[in-house]
Amino acid sequence: MKITVRLFGRYKDITNKDTIQLNIGEGNTLGDVIDCFVKQYPATEKDKSRMMMSKNKLYASFDTTIIEGDEITLSPPVVSGG
Amino acid sequence: MSIDRYRRQTLVKELGQKGQELLATKHAIVIGGGGLGSHSANLLVRMGIGGIDIVDNDTVDITNLHRTSLFTQEDLGKSKAFVLQEKLRAINTEVRIRGINQKVTKENIESLVKNADVIVDGTDSMSLRFIINEVSIKYNIPWVYAGVYETVGMVMGILPKKTPCLQCISQNIPESTSGETPVLGSLPAIIASIQCTETIKLLLGKPLAGLLIYDVWKQCFDTMDIKRNPHCPICGIKKHSLARGRII
């Protein structure tokens with residue numbers, strides 16, 4: 001199925017897009033979405049384990065299942081410096 | 001309260017004279033007096049907060065100077081908290097300003113924040129931020145997270161049990177692995193400015209902007225509208241029953 005992912009921060013710059021479409025299988029999870037995203041945009045690889053993702057405006061974990069029509073966002077990790 | 005000092009600011013309709021007077025009744029605690037904390041404290045003092053505590057057990061180092069504006073070379077080796085206390089008192093004598101040269105820990109945080117109306121995050125430690133988050137939720141004290149890394153900063157005002165807490169948005173955030181965080185010198189001032197504005201909005205009971213992400217190099221600004229996680233282990237369950245101000 002095709003899903004639409006809204007991007008934030010430097011991911012917009014890396015992809016040169018505000019939103020992208022990814023092809024993922026039925027029953028796939030947010031973790032699979034990230035795998036697919038990183039594969040297409042290797043510059044995001046370093047964030048892979050800490051990427052912030054939401055489903056329908058709710059932050060969600062890697063194992064959250066995605067269904068068609070879900071609103072997905074990906075943003076860079078929360079930053080820790082002061 | 002000096003009317004002249006804030007005259008131009010009270011002309012701003014979002015604040016006004018009433019907002020200015022309300023701000024003068026509020027007390028903030030800034031945890032961390034480095035790149036973010038020193039700038040945020042500076043702005044809060046100049047804008048007319050009633051009182052402010054700045055807590056930091058570190059000393060001013062040469063590596064702090066590229067991203068701060070209050071510290072000078074003459075301050076090297078001195079306590080950040082005490083230098084800020086002295087300099088901020090010289091800026092606005094109407095504000096009660098206290099520098100606390102102390103490390104913030106899980107053991108002492110409750111006594112430090114118990115009289116605060118808001119906690120301003122100026123730390124560089126994620127583990128300390130989670131401690132701040134927990135005490136904020138437990139005692140219903142709002143706080144404003146801010147962080148900087150390379151050219152990117154994030155800010156999020158957190159109103160306990162009303163808006164997402166740090167844990168709600170933190171599924172997989174390990175402690176930073178590198179000893180020194182890379183930060184462009186121009187970034188903390190702008191992120192602290194956003195943080196200070198969100199802090200004042202919180203204190204005045206105004207709606208918050210959500211999670212803000214700013215890249216100072218790309219000049220790219222994003223706001224994310226997010227919801228609380230109903231299953232959040234910190235704010236999603238009514239597990240803390242102590243009333244505000246009754247910290248044991």
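The sequence lines fix the lettering, A, B, ..., with proteins before strands; numbering per chain opens at 1. Every heavy atom of this structure was used, including side-chain atoms; hydrogens, water molecules and symmetry mates were not. Because the structure is predicted, anything quoted here is derived from the model rather than measured.
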**Q.** Within 6.0 angstrom of Glu86(B) CD, more than 12 heavy atoms from elsewhere
**A.** no
Can you tell me if Lys201(B) has over 12 outside heavy atoms packed within less than 6.0 Å of its NZ? yes
Interatomic distance, NZ@Lys12(A) vs CG@Asp222(B), rounded to 0.5 Å, equals 3.5 Å
Nearest heavy-atom contact between Thr223(B) and Phe8(A) is O-CE2, 3.6 Å
Between Asn229(B) and Leu58(A) the two heavy atoms that sit nearest each other are CA-CD1, 3.8 Å
Note: Gly82(A) and Arg67(B) closest approach over all heavy atoms is O-NE, 3.5 Å
Bottom line for Ile213(B): the part with an atom under 4.5 Å from chain A's heavy atoms is side chain
Could you check whether any side-chain heavy atom of Trp217(B) comes within less than 4.5 Å of a side-chain heavy atom of Arg10(A), counting everything from C-beta outward? no
Here the gap from Asp13(A) atom CG to Asp215(B) atom CG, rounded to the nearest 0.5 Å, amounts to 7.5 Å
All heavy atoms of Gly9(A) vs all of Cys220(B), minimum pair found to be O-SG, 4.2 Å
CD1 (Ile169(B)) and OG (Ser75(A)) are apart, to the nearest 0.5 Å, by 8.0 Å
Bottom line for Tyr214(B): the part with an atom under 4.5 Å from chain A's heavy atoms is neither
For atom CD of Gln73(B), decide whether the heavy atoms of other residues, nucleotides or ligands shown that lie under 6.0 angstrom number more than 12. no
Okay, Ala192(B) and chain A: the region with an atom under 4.5 Å from a heavy atom over there is neither
Bottom line for Leu187(B): the part with an atom under 4.5 Å from chain A's heavy atoms is neither
With chain A, the option among Asp225(B), Thr123(B), Val183(B) that has the most non-hydrogen atom pairs under 4.5 Å is Asp225(B)
